[in-house]
Each structure stands twice: as structure tokens, then as C-alpha cells.
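Comments concern the structure below.
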There are 2 protein chains.
Amino acid sequence: MDLSAKSEYALLALLELSPHYASGEPLQIRQIASQQSIPDRYLEQLLATLRRAGLVKSQRGARGGYILARDPWKITLYDVVSCIEGFEPQADPPQVSDTPEALVIQDVWGEVRQAAEGVLQRYTLQDLVEKRNAKQQIDIMYYI
Amino acid sequence: MDLSAKSEYALLALLELSPHYASGEPLQIRQIASQQSIPDRYLEQLLATLRRAGLVKSQRGARGGYILARDPWKITLYDVVSCIEGFEPQADPPQVSDTPEALVIQDVWGEVRQAAEGVLQRYTLQDLVEKRNAKQQIDIMYYI
DNA sequence: ATTATACCCCGGTTCTCCACTGGGGTTTGC
DNA sequence: GCAAACCCCAGTGGAGAACCGGGGTATAAT
């Protein structure tokens, strides 16, 4: 029922990358990690997964780093979470039993899952960036 | 993101109890467990939790067992899952970090959770019983 | 060319939690 | 009384999450 810290880390990283997509300048793991207080060696693994899924591109060597593979409007939270959580390929959800009652429950489980995925599909990275900006705007208003 | 086997077991048990609510006759752990292929000593714990949550009542001693505490129309899947999964009392979802980005993500996490809970709140035990009956009706049609 | 920087790959470790098991008790109908 | 059933509490095995580390490889800058 809960989304893991793993997914949250991945999203945080991509949110850091989003504003730098336009300029094309790569961001290093260390930068992202310290900015969002993520263990850097762990973040490295997550970024590798995101790269294999085609969500980010990497530039190796000195002054390298990561950039978003496409526009932050074109990446949904579902894209991120599904590839991190790895729940794409398995067409066989582990069935506990197969009585008629169990089958009905599986159906409901599917509906719950779809409802959750629906929310994630409705948000893009850019949506979150703007949500954050809006929040900070409010903070500034209160400050003045 | 996934609902545990624990919740599925609990639901299966309550679905077994539902048709017996009208008669008031208790059902024993063993019966339910063998009917739904649930490890009986494990089911015992789950039923204890459900009892403490006020969803079932127990009759001790010889010829005892469990009965639903109220009408199967009046018990939602949310009632069951929330008490089994134990995600009611904790008002403090473990925050990984507290940057503005993290807060925005927490908001989305909340929305996902709400969407999932919404589905569960829309179903009652009796809904599932009837869904199962409908499915079996279809099976019979095919059989003829 | 050399060197420093940063990604890349692969493996191990620790910790927590789920699913399950077991050993006793206590209540109740016959 | 005694057997059937619930009750309580404690422990165990395995899996996965969250990290950590070592050593490699590509690349930019000098």
C-alpha cells in the first residue's frame, strides 16, 4: 500500500534534473545526493535503473553527470515509479489461492492498483516542479 | 503498492463468514482455513485482530467459532484492510527528507493512498459475495 | 600522454518485516 | 471431567529494502 523510499529518492533526483533540462548541462550524483540528502552510492544504483529505462541519459568522464532523456512534461510519475518498483513485466501476480472468492478479491486488488496508477499517470515531473514553485510563492507572501 | 497476503486471508475469512451471518451459527477456524487453504494458526491471529477491531465476534469453548459482528452490507473492504494493515493510528508517515520537493511528493503519495482507499470504501463484503455468485452463474451458463 | 573526474558493474551486509509455527493457557458444551 | 474450541505470547526462516565498497572504464582538461 505504501510507495517505497526508493521511488521517492528517484523522483527527488529527477525533480532536481528537471530545471536543468533546458540548458542541457549535466548534474552529478553528488550534487543531487547532497541537495536531497540521499545516500550517494544508493542514488547511483537508482539512476542506473532510470538510465536503462530510458528516462535519463548519462555523460561519463570528467564534468559528466546526468540529464533528463526527454522533456519533464513528457515524463509521468508512473513512468518513474513503475520502472523503479519494477512492476511492469510480471504478468503473473502471485496468487495465494484460487477459490472463487480469491478470484473476486484479485479483481478488486486490480481495481485498487489501477486507481493508484491513474493518479501517478496524471502527474508529470513538470507538474511537481510547478507545484513546488507555487508553494514557495505562498511562503514568500507570508514572509512579506 | 501491493496489498499483502495478510489482507487477502482476512477478506477470504470474512467472505466465508458472510453467508452464515443470517443464521447466527458460528464457523470454526479450521473450517475456514481448510476451505480457503489458509494456514490455520496464522488465520487465528488475523481473526483475533479482526475481533479486537470489532468486525467479528467469537464464541469460546466447544462448538464455538466466529461470526460477523454486523451485517455484511455494513462492512467495507476498507474496514477490513485498514485494521489488518494497521494503517489507522499512525499520524506520522515516516518522512525521508523535508525539502520542498519531498513535501510535494508526500502530497502525491497522499493522493495515491486516498484513491486506493476510495476503491476499498466502495465495496462491502456483501458486494463481493454477490460478485462471486454472478461469476458462478456465468460458469453454469457455459456448462449448460 | 597523463591525470583527475565521474559514471559503471557487481557483490556483500545489515535490518526489518511478513508469513508462519509452537507451546502453553482458558472457556464452554456435552 | 474432558474434549473442543478460542486465547495469548513468543520465536523462526526467508525475502527484500536500504546501503556500502572495491575495482573498472570512459572522458575532459591540462
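A, B, ... follow the sequence lines: proteins, then strands. Residue 1 opens every chain.
- The shortest distance between the side-chain N/O atoms of A:R63 and the OP1/OP2 oxygens of D:dT30 is not below 4.0 Å.
- Listed nucleotides D:dC6, C:dA19, C:dC20 differ in distance to B:Y9; the shortest reach to its side chain belongs to C:dC20.
- Whole-Å rounding puts the A:K6 NZ to D:dG16 P distance at 11 Å.
- In this structure, the CG atom of A:L47 is 9 Å from the P atom of C:dC8, given to the nearest Å.
- For A:I84 and D:dA17, the CD1 to P distance is 11 Å, given to the nearest whole Å.
- You'll find the side chain of A:V129 stays beyond 4.5 Å of the side chain of A:P72, heavy atoms only.
- Each of B:V56, B:I67, B:L17 was checked for a side-chain contact (heavy atoms from CB on, under 4.5 Å) with B:L27, and the lone residue meeting it is B:L17.
- Position along DNA chain C of the nearest nucleotide to A:G64 versus A:Q45 favours A:G64 as the more 5'-ward residue.
- B:E85 and B:S4 form a side-chain donor-acceptor contact under 3.5 Å, judged by distance and modelled atom types alone.
- Distance CD1 (A:I38) to P (D:dA17): 17 Å, rounded to an integer number of Å.
- The CG-P distance, from B:L27 to D:dC6, rounds to 9 Å in whole Å.
- For the pair A:K135 and A:R132, the minimum side-chain heavy-atom distance is 4.5 Å or more.
- The interatomic distance linking A:I29 (CD1) with D:dA26 (C1') rounds to 14 Å, in whole Å.
- In terms of position along DNA chain C, the nucleotide closest to A:G61 lies nearer the 5' end than the nucleotide closest to the other residue of the pair A:R51 and A:G61.
- Applying the 3.5 Å distance criterion, the base of D:dC6 shares no donor-acceptor pair with the side chain of B:Q59.
- Mapping A:E44 and A:S7 onto DNA chain D by nearest heavy atom places A:S7 closer to the 5' end of the strand.
- If you measure from atom CG of A:D40 to atom P of D:dC19, you get 11 Å, rounded to the nearest angstrom.
- Using a 4.0 Å cut-off, no side-chain N or O of A:S58 falls inside it from OP1 or OP2 of C:dA6.
- Here the nucleotide nearest the side chain of B:Q28, chosen from D:dA5, C:dC8, C:dA6, is D:dA5.
- Residue-to-nucleotide contacts include a donor-acceptor pair under 3.5 Å from the side chain of B:R60 to the base of C:dT26.
- Residues B:T124 and B:W73 share a closest heavy-atom pair of CG2-O, 3.3 Å.
- Interface remark: the A:R41 side chain does form a donor-acceptor pair with the D:dG21 base, using a distance-only criterion of under 3.5 Å.
- Put simply, OH on B:Y42 is 16 Å from C1' on D:dC9, counting in whole angstrom units.
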